[in-house]
Amino acid sequence: QVQLVESGGGLVQAGGSLRLSCAASDRTFTSYVMGWFRQAPGKEREFVVGISKTGGSTNYADSVKGRFTISRDGVKNTMYLQMNSLKPEDTAIYYCAARTFSRIAVRTEDYDYWGQGTQVTVSS
């Protein structure tokens, strides 16, 4: 089974940018649909964005469209989330997830593997 490790979180002011990375443990990375989720204190984990196995298709939550960009690198076995124009409401723990089926999914229960999360804090 694949192991996922997120990095790149931190503290940033509103309007700033961060780039998150999700490194997969092996070359089976290209066999998975990948996604980013986030969980704010006291809230349920929510879908942020997903990307197909080839990277040719993406699906963004409305709350991040036009500000966040997902990408993946099959050579480096890594997925990225470029976050621009950050807002205080983006503050959360961000998780990457992998799914064995072919379609991008938005429910947490549709993903098979999860990373440990990375904290993103946006100050006002």
Side-chain angles (χ1 to χ4, degrees):
Q1 64 184 40
V2 67
Q3 294 182 331
L4 306 172
V5 179
E6 303 96 335
S7 61
L11 173 63
V12 64
Q13 289 188 331
S17 298
L18 282 175
R19 188 175 83 152
L20 306 184
S21 299
C22 172
S25 58
D26 57 46
R27 282 177 278 185
T28 60
F29 174 71
T30 55
S31 301
Y32 299 100
V33 166
M34 300 295 295
W36 287 99
F37 287 74
R38 66 187 181 186
Q39 187 166 19
K43 295 188 177 181
E44 294 188 351
R45 193 170 299 188
E46 66 174 3
F47 174 78
V48 176
V49 59
I51 188 167
S52 63
K53 295 179 183 181
T54 63
S57 179
T58 58
N59 181 13
Y60 290 86
D62 288 343
S63 59
V64 305
K65 279 182 182 176
R67 300 189 298 121
F68 290 11
T69 303
I70 191 172
S71 61
R72 64 189 299 168
D73 185 330
V75 174
K76 295 182 178 180
N77 298 330
T78 302
M79 176 177 65
Y80 303 98
L81 183 64
Q82 178 67 43
M83 306 186 294
N84 299 328
S85 302
L86 283 161
K87 304 175 181 180
E89 51 263 44
D90 295 318
T91 295
I93 299 174
Y94 283 71
Y95 298 89
C96 68
R99 183 169 192 259
T100 54
F101 290 93
S102 297
R103 294 178 59 187
I104 297 172
V106 301
R107 303 184 309 170
T108 56
E109 54 264 42
D110 290 329
Y111 286 80
D112 304 295
Y113 306 105
W114 292 83
Q116 82 289 347
T118 186
Q119 176 71 48
V120 171
T121 303
V122 184
S123 63
S124 58

Would you name the heavy atoms of [X] and [Y] that are closest together and state the gap between them?
{"X": "Ser124", "Y": "Ala14", "value": "CA-CB, 4.4 Å"}
{"X": "Thr78", "Y": "Ser21", "value": "CG2-CB, 4.2 Å"}
{"X": "Tyr111", "Y": "Ala97", "value": "CD2-CB, 3.6 Å"}

Given a cutoff of under 4.5 Å between side-chain heavy atoms of I, L, V, M, F, W and Y, with clusters grown through shared members, what are the other residues clustered with Tyr80?
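When side chains under 4.5 Å apart are linked, Tyr80 ends up in no cluster with other residues.
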Through direct or indirect side-chain contacts below 4.5 angstrom among Ile, Leu, Val, Met, Phe, Trp and Tyr, which residues connect to Val12?
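Via sub-4.5 Å side-chain contacts, Val12 links to Val2, Leu4, Leu18, Leu20, Phe29, Tyr32, Met34, Trp36, Val48, Val49, Ile51, Tyr60, Val64, Phe68, Ile70, Met79, Leu81, Met83, Leu86, Tyr94, Tyr113, Val120, Val122.
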Kindly compute the distance separating CD (Glu109) from CZ (Arg45), expressed to the nearest 0.5 Å.
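So the CD of Glu109 and the CZ of Arg45 are separated by 11.5 Å.
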Enter the distance from Arg103:CZ to Arg99:CZ here, rounded to the nearest 0.5 Å.
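These two atoms lie 7.5 Å from each other.
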Output all residues satisfying side chain to side chain donor-acceptor pair (under 3.5 Å) with [X], sequence neighbours left out; order by chain, then residue number.
{"X": "Thr100", "value": "Asp112"}
{"X": "Ser25", "value": "none"}
{"X": "Lys43", "value": "none"}

By side chain to side chain contact (heavy atoms under 4.5 Å, CB included) - contacts of [X] (at least two apart):
{"X": "Ser123", "value": "Leu11, Gln13"}
{"X": "Glu89", "value": "Lys87"}
{"X": "Val106", "value": "Phe47, Asn59"}
{"X": "Gln119", "value": "Thr91, Ile93, Thr121"}

Can you sort out the partners of [X] under salt bridge (Lys or Arg N to Asp or Glu O under 4.0 Å), two or more places apart, ordered by chain and number?
{"X": "Asp90", "result": "Arg38, Arg67"}
{"X": "Asp26", "result": "none"}
{"X": "Glu44", "result": "none"}

Short side-chain to backbone donor-acceptor contact, Glu6 and Gln116, under 3.5 Å:
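At least one qualifying donor-acceptor pair exists.
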Should Phe37 and Thr108 count as side-chain neighbours, where that means a heavy-atom distance under 4.5 Å?
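Counting from C-beta outward, Phe37 and Thr108 do come under 4.5 Å.
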Would you tell me whether Ser17 and Asn84 have side-chain atoms, one donor and one acceptor, within less than 3.5 Å of each other?
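Yes, a side-chain donor-acceptor pair sits under 3.5 Å.
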